Amino acid sequence: MGLNYYKDRVCLNVLGGSLENAKEIYDAAEKYVAVGVLSADYPDVPSAVEDMKKYMDVLEGNLSVGLGGGNPAQWKAVAEIAKEIKANHFNQAFCAVGYTRANAGTDDVHINSMVAPCGKPGYVKISNGPMSRDCEPALIPVDTAIAIIREMGGNSIKFFPMGGLKCRDELQAVAEACARNDFILEPTGGIDLENFREIMQIILDAGVKKVIPHVYSSIIDKESGNTRIEDVKKLLAIVKELV
């Protein structure tokens, strides 16, 4: 079926704290959401697959298989899950997109590619794998990164960690590159109810056709670990005002 985008432009991405929470999120977002479940929360791939099958059912496939805080050490777990679970959305480190696409065995699932701000607008850091992250940073033009991601079978840039609006100029440049190349953008890191509108406005004004904003810890209830349903409704209301 594929991801559901509001007016074919915006699909939210938030974390599901439990199966029931995931179902509530899906309903509150009127299905315009991919609900994240993290591979890092499971001791092994088989247990992750077993549990994620339940999420697939209640979310009509709109499960977002996550790394866990962008941890590149989880890249292989996500890639192995892709063999068994054909979720509509996968999160992946830049280095492992091709591996994951091959494991998925289909072009129908969405796989993003994590790249990072680097302090230089128009460029992104692609060295975010478990080994390369400790090396001299590899910085490349955003347009080149998009071309490589496409060659590997990826569908979008996951721009992480943004720190909210701390890298505003870099976000603007990434958004403009995604618009030029008709590529999907997934802004991630430090997004909350206070800066969500401005971040989305920057991206949409740049002409990006499809956006998957990730809003995580800022809308999670610390005691229950569940995403607050009222906050999901607020995010969707902002999307409806902007699109």
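As the structure is a computational prediction, the values presented were derived from the model and not from experiment.
Within the 4.5 Å cutoff, side-chain heavy atoms of F159 are placed close to those of C167. Using a 4.5 Å heavy-atom threshold, the side chains of D107 and R101 count as touching. Residues N13 and P213 have side chains not in contact (no heavy-atom distance under 4.5 Å, counting atoms from C-beta outward). For the pair I220/N226, no side-chain contact is recorded, criterion being any heavy-atom separation below 4.5 Å from C-beta on. In this structure, the side chains of L171 and M162 come closer than 4.5 Å at one or more pairs of heavy atoms. Taking the side chain as every heavy atom from C-beta outward, E24 and N21 approach each other to under 4.5 Å. Using a 4.5 Å cut-off on side-chain heavy atoms (C-beta onward), K125 and P117 make no contact. Within the 4.5 Å cutoff, the side chain of I85 has no heavy atoms near those of the Y55 side chain.
Side-chain heavy atoms closer than 4.5 Å link hydrophobic residues (I, L, V, M, F, W, Y) into clusters, and following such links, even through other members, never connects I25 to L15. Both V215 and Y32 belong to a common hydrophobic cluster when Ile, Leu, Val, Met, Phe, Trp and Tyr are linked at side-chain heavy-atom distances under 4.5 angstrom. No continuous path of hydrophobic side-chain contacts links Y216 to L3 [ILVMFWY only; heavy atoms under 4.5 Å]. Transitive grouping of hydrophobic side chains (ILVMFWY, heavy atoms separated by less than 4.5 Å) brings V35 and Y6 into a common cluster. By the criterion of side-chain heavy atoms lying less than 4.5 angstrom apart, applied directly or through intervening Ile, Leu, Val, Met, Phe, Trp or Tyr residues, I191 is not grouped with L38; the two fall into different hydrophobic clusters.
To the nearest 0.5 Å, atom OG of residue S127 and atom CG of residue L139 are 7.0 Å apart. Taken from CD in E186 to NE2 in H214, the straight-line distance is 3.5 Å, to the nearest 0.5 Å. Separation of atoms CD (E198) and CD1 (I203) is listed at 11.0 Å; rounding is to 0.5 Å. L235 CG to M200 CE: the interatomic distance, rounded to the nearest 0.5 Å, is 9.5 Å. Here CD1 of I140 is found 4.0 Å from CD1 of I126. Values are rounded to the nearest 0.5 Å. Remark: D41 CG to Q74 CD distance equals 9.0 Å, nearest 0.5 Å.
Ion pairing of E80 with K83 is present here, as a side-chain N (NZ or NE/NH1/NH2) and a carboxylate O approach within less than 4.0 Å. A salt bridge links E241 with R197; the closest basic N to acidic carboxylate O contact falls under 4.0 Å. Taking a cutoff of 4.0 Å between a charged side-chain nitrogen and a carboxylate oxygen, D8 and K210 qualify as a salt bridge.
Looking at every heavy atom in both residues, A179 comes nearest to A206 through CB-O, 3.3 Å. Between Y5 and V211, the closest heavy-atom pair is CE2-O, 4.1 Å. Closest non-hydrogen pair, S156 versus H110, comes out as OG-NE2, 2.9 Å. Summarising the geometry of V58 relative to K23, their closest heavy-atom pair is O-CD, 3.8 Å, with the distance given to 0.1 Å. Taking both residues in full, the closest heavy atoms of F183 and I157 are given as CE2-N, 3.6 Å, listed atom of the first, atom of the second, then distance. C178 and I184 get closest at one heavy-atom pair: SG-O, 4.1 Å.
Formation of a donor-acceptor pair under 3.5 Å by the R180 side chain with backbone atoms of A175 is not found in this model. Between the side chain of Q92 and the backbone N or O of M114 there is no donor-acceptor pair closer than 3.5 Å. Using a distance-only test at 3.5 Å, with no hydrogens or angles considered, no donor-acceptor pair links the side chain of N195 to the main chain of G164. Under the 3.5 Å distance criterion, the side-chain polar atoms of S39 are matched with a main-chain donor or acceptor of G66. The main-chain N or O of I146 is never found under 3.5 Å from a side-chain atom of N181 such that the two would form a donor-acceptor pair. Judged purely by atom type and a 3.5 angstrom limit, Q201 has no side-chain atom pairing as donor or acceptor with the backbone of L242.
Y26 and E60 are linked by a side-chain donor-acceptor pair at a separation below 3.5 angstrom, with hydrogens and angles left out of the test. Inspection of the N62 and N88 side chains reveals an N or O donor paired with an N or O acceptor under 3.5 Å.
For F160, the ring pair (Phe, Tyr, Trp, His ring centres under 6.0 Å) test picks out no residue, with sequence neighbours left out. Partners of D44 by side chain to side chain contact (heavy atoms under 4.5 Å, CB included), not counting sequence neighbours, listed by chain and number: P46, S47. Remark: Y99 pairs with W75 by the ring pair (Phe, Tyr, Trp, His ring centres under 6.0 Å) rule, at least two apart or across chains.
Heavy-atom neighbours of K86 NZ from other residues, nucleotides or ligands within 6.0 Å: above the threshold of 12. Heavy atoms from other residues, nucleotides or ligands lying under 6.0 Å from CZ of R168 number 12 at most. At most 12 non-hydrogen atoms from other residues, nucleotides or ligands lie less than 6.0 angstrom from CD of E194.
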Side chain to side chain contact (heavy atoms under 4.5 Å, CB included) between I229 and D231, worked out
CA-CA 5 Å; I229 301 305; D231 288 352; over 6 Å; no
In sequence, state the C-alpha distance, the side-chain angles, and the governing distance for K233 and E30, and then conclude on salt bridge (charged side-chain N to carboxylate O under 4.0 Å, His left out).
CA-CA 9 Å; K233 292 178 180 178; E30 299 174 18; over 6 Å; no
Please assess F94 against M152 for the test side chain to side chain contact (heavy atoms under 4.5 Å, CB included), listing each intermediate value before the final yes or no.
CA-CA 9 Å; F94 184 88; M152 294 189 295; 4.0 Å; yes
Let's go through D205 and I202 carefully: what are the C-alpha distance in whole Å and the side-chain angles of both, what is the deciding distance for side chain to side chain contact (heavy atoms under 4.5 Å, CB included) to 0.1 Å, and is it a yes or a no?
CA-CA 5 Å; D205 285 353; I202 290 169; over 6 Å; no
CA sep, side-chain torsions, deciding dist, call: N91, K158, side chain to side chain donor-acceptor pair (under 3.5 Å)
CA-CA 8 Å; N91 298 269; K158 180 178 180 179; 3.2 Å; yes
Run the side chain to side chain contact (heavy atoms under 4.5 Å, CB included) check on S64 and V37 step by step: do they pass?
CA-CA 6 Å; S64 175; V37 176; over 6 Å; no
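Put simply, the residue from I111, N155, N112, I148 that forms a side-chain contact (heavy atoms from CB on, under 4.5 Å) with V97 is I111. With respect to V33, the side-chain contact (heavy atoms from CB on, under 4.5 Å) criterion is satisfied by exactly one of I212, L12, L236, D27: L12.
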